[in-house]
4 protein chains.
Amino acid sequence: MTLRADALRNRERLLDVARQELAGGNVALQLNDIARKAGVGVGTVYRHFPTPQALLEALVGEQLNQLVEIARQALAMADIQAAFTFMLRSTFDMLLCTDGGLSVVMLAIEDADCGTTRAKDELGVLTAELLRRAHEAGVVRRDLTAADVRNLVCGVEHAVRTWPDGDQNRSARYLDVLIQGLRQSG
Amino acid sequence: MTLRADALRNRERLLDVARQELAGGNVALQLNDIARKAGVGVGTVYRHFPTPQALLEALVGEQLNQLVEIARQALAMADIQAAFTFMLRSTFDMLLCTDGGLSVVMLAIEDADCGTTRAKDELGVLTAELLRRAHEAGVVRRDLTAADVRNLVCGVEHAVRTWPDGDQNRSARYLDVLIQGLRQSG
Amino acid sequence: MTLRADALRNRERLLDVARQELAGGNVALQLNDIARKAGVGVGTVYRHFPTPQALLEALVGEQLNQLVEIARQALAMADIQAAFTFMLRSTFDMLLCTDGGLSVVMLAIEDADCGTTRAKDELGVLTAELLRRAHEAGVVRRDLTAADVRNLVCGVEHAVRTWPDGDQNRSARYLDVLIQGLRQSG
Amino acid sequence: MTLRADALRNRERLLDVARQELAGGNVALQLNDIARKAGVGVGTVYRHFPTPQALLEALVGEQLNQLVEIARQALAMADIQAAFTFMLRSTFDMLLCTDGGLSVVMLAIEDADCGTTRAKDELGVLTAELLRRAHEAGVVRRDLTAADVRNLVCGVEHAVRTWPDGDQNRSARYLDVLIQGLRQSG
DNA sequence: TATGAATGAGAATTCATTCAT
DNA sequence: TATGAATGAATTCTCATTCAT
């Protein structure tokens, strides 16, 4: 079902404001606050997003779906090493560009929207398959599951985000550390 | 200044309760809540710990000081590789056994207690020196600062803590990944 | 003015849902809620029934008119004792079968629809006449007005409704108590 | 445990305001509203009375206990007819002087305070005993339980309260109707 | 005429902090 | 020094009503 023009406009505005909040370092989105900043009534926010979690998921749903797509592309690549790295880097970039929002959603036990659950599940399955091939090819440590990889990449993103400084290459270096750490040794 | 016997007893009880809160996954300590659970008045809590941050620092101050001591020991070790790993592992263990409390303190920009600031500064200096030697010896990536190492170990601890499962070896594996990732490649 | 077929259908559906609400013990009808449950837009509800009171009156208007008719029949009866009891019992049954809705309307100071006011007025006049004859015949206490009788029967119905249990004869017993209580003593 | 002087003062003021609300016909007490009218912070209200129901029970607890005491006195009376009437009249007066508050508490399925439950239970037991004797003596209809009597007296009080007019004898007349109605006929 | 999105007042509730006792 | 009552700002959430489509 398509939204009414003004409803859509409001929805977009709310997402914009929420994104700014996230960018400002505020992961705990407050619906009232967002309503005020977006210049709409509180009720409007609650109609669109019943809970902060729902808003967060709407905010990063796009990125989550892109990750699923990226996982599919990775699985289609011939070079499994390159594929795995591609997947990792893409995930890392997504996590960073959503200012921690995607990280919260990916690590949440419960989801507000079942579409989110579906995407997360699919991402998990695809990643597991990618990991299986990587294990077979001997390019990634065998003692790690798909969940481990997800946790670690979120952890490293956390490391980048908690200490914001001007160093532009820092995130790249941190990702490098992770990539090297995941490699099958010996 | 020494505390009166009952004041000391209260202080200890408060710290106990706060520790339990942390262990229960609640990093955002609520002073009122803690007062109630400790069976003391709110005023008493505020007298001892003016802010949640102060309580947190009191809670992990001991561990922070131990880390400083450990850093000193590490600097006294002949094998720099072993020393660095020893430092890293100790930090990681401390972070885990304080249920994220130490992590919050180590990453905080502002400290409540100047003793905390002093300890953190000293830890920074000692770690930097350790890192300098590690760089010289070529056992740790050259593009990382002491702050980077601290962030990364906190990030990996974050990865362990956000997805609690029964796997007992998980934290060991994650630390392994970090250690391998920090190694000077080539 | 006759309603369009679909408008009529909507109206009926709304009344049905409202009746279910009442039956469920919810006398405070919420127009939004009813719209949702009826599967129509809120605006539609407001068009048909500007206020909850209007909806309530529409819901029990039929019963109210029946009571007027019953009062007329009672006045046509020869045996005034039987007539009064007939009237009382009919009222009581109507109150019960509308789950308190009719009671609210009968006791309301202000009416939403002037048809309701007219019916209530007429009912009052007819009851007063019935009561006058009953007083003359010495079968009902002389110190009671038509309003008193109405209040008391509503009160007894309230007694039945507030404590719902399985006892099927309870309402009959309560009505008996009322009838006996209204009788001219001595 | 005794309350602090100011706490007690606040508590009394809150009860006063709540009583005025009831007297004004507002049985649905709103804690925020009461706080404002009493000139205290909202938190103070919530500390004293966690829910509107708790406030209501505090408001009429005294009367409820008096009813228990009255029931005991009634049981000590020799003339069971007089005793029953005394009990009924006392209950009715209490219901009226609490402006419907006591009625709500007496008919509530769930209580906020277990003291209320205890008092209600005891009142039920004592009334049942009183009723048993009245049945034996043949002065009250045999087909009524203690719960029935309570419901009916609440119902009649409802009849008095829903249609407030200047007639001072009305409540006395309504009570008379009830008393006569409850009498064992034949 | 029907729809349902938007509104926003306001009710309910929490909680960090202060301060009287 | 300890207590815990009081505060009231802030937040969450609901819902009756209006109005754009």
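Per chain, numbering begins at 1; letters A, B, ... match sequence-line order. Just so it is clear, the values below take in all heavy atoms, side chains as well, and ignore hydrogens, waters and symmetry mates. What you are looking at is a predicted structure, and each value in this text was computed from that prediction instead of being measured.
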Atom CD1 of B/Ile109 and atom CH2 of A/Trp163: how far apart are they, to the nearest 0.5 Å? 4.5 Å

Nearest-Å distance for atom pair CG/P, residues B/Leu14 and F/dT1: 15 Å

Taking for each residue the nucleotide of DNA chain E with the nearest heavy atom, is it D/Arg9 or A/Val40 whose nucleotide lies nearer the 5' end? A/Val40

When rounded to the nearest 0.5 angstrom, what is the spacing between CG in C/Asn10 and NE2 in C/His48? 5.0 Å

Look up atom CD in D/Glu21 and atom NZ in D/Lys37, then write down how far apart they are to the nearest 0.5 Å. 3.5 Å

Whole Å only: how far is the CZ atom of D/Arg13 from the P atom of F/dA5? 17 Å

Proximity to the side chain of D/Val42 - top-ranked nucleotide from F/dT14, F/dA9, E/dT18: F/dA9

Does OP1 or OP2 of F/dT1 have a side-chain N or O of B/His48 closer than 4.0 Å? no

Under the criterion salt bridge (Lys or Arg N to Asp or Glu O under 4.0 Å), I'd like the reasoning laid out for D/Arg13 against D/Asp16: C-alpha separation, chi angles, the key distance, then a yes or no. CA-CA 5 Å; D/Arg13 208 184 315 175; D/Asp16 274 352; over 6 Å; no

Contact nearer the 5' end of DNA chain F, comparing C/Gly43 with A/Gly43: A/Gly43

Distance in Å, B/Thr98 OG1 paired with B/Met94 CE, rounded so as to fall on 0.5 Å steps: 9.0 Å

Checking contacts here: which listed nucleotide (E/dA2, F/dA2, F/dT18) is nearest the side-chain heavy atoms of B/Ala7? F/dA2

Spacing of B/Phe49 atom CZ relative to F/dA2 atom C1', expressed in whole Å: 15 Å

With distance as the sole criterion, is a donor-acceptor pair present between the side chains of B/Glu57 and B/Thr116 under 3.5 Å? yes

Which of residues 22-39 of chain C sit near DNA chain E, with a heavy atom under 4.0 Å from it? none

The criterion is side chain to side chain donor-acceptor pair (under 3.5 Å); which residues satisfy it with A/Asp6, sequence neighbours excluded? A/Arg4

Return the value, rounded to whole Å, for the distance between atom CG of D/Asp6 and atom C1' of F/dA6. 8 Å

Checking B/Asp121 against B/Arg118 for the salt bridge (Lys or Arg N to Asp or Glu O under 4.0 Å) test, could you report, in this order, the C-alpha distance in whole Å, the side-chain angles of both residues, the deciding distance, and whether it holds? CA-CA 5 Å; B/Asp121 284 351; B/Arg118 221 176 309 122; over 6 Å; no

To the nearest angstrom, how far is C/Tyr46 atom OH from E/dA5 atom P? 16 Å

Phosphate oxygens OP1/OP2 of E/dT7: is one of them under 4.0 Å from a side-chain N or O of A/Thr44? yes

Ignoring backbone atoms, establish whether A/Asn10 has a side-chain N or O less than 4.0 Å from OP1 or OP2 of E/dA5. no

Consecutive-pair stems (at least three Watson-Crick or G-U pairs, under 3.5 Å) that include DNA chain E: E:2-21 with F:2-21

Report the residue (D/Pro50 or B/Pro50) whose heavy-atom-nearest nucleotide on DNA chain E is the more 5′ of the two. D/Pro50

Could you please name the option among E/dT1, F/dT7, F/dT3 that lies closest to any side-chain atom of C/Arg47? E/dT1

In this structure, CZ of D/Arg161 is separated from SG of D/Cys154 (nearest 0.5 Å) by 9.0 Å

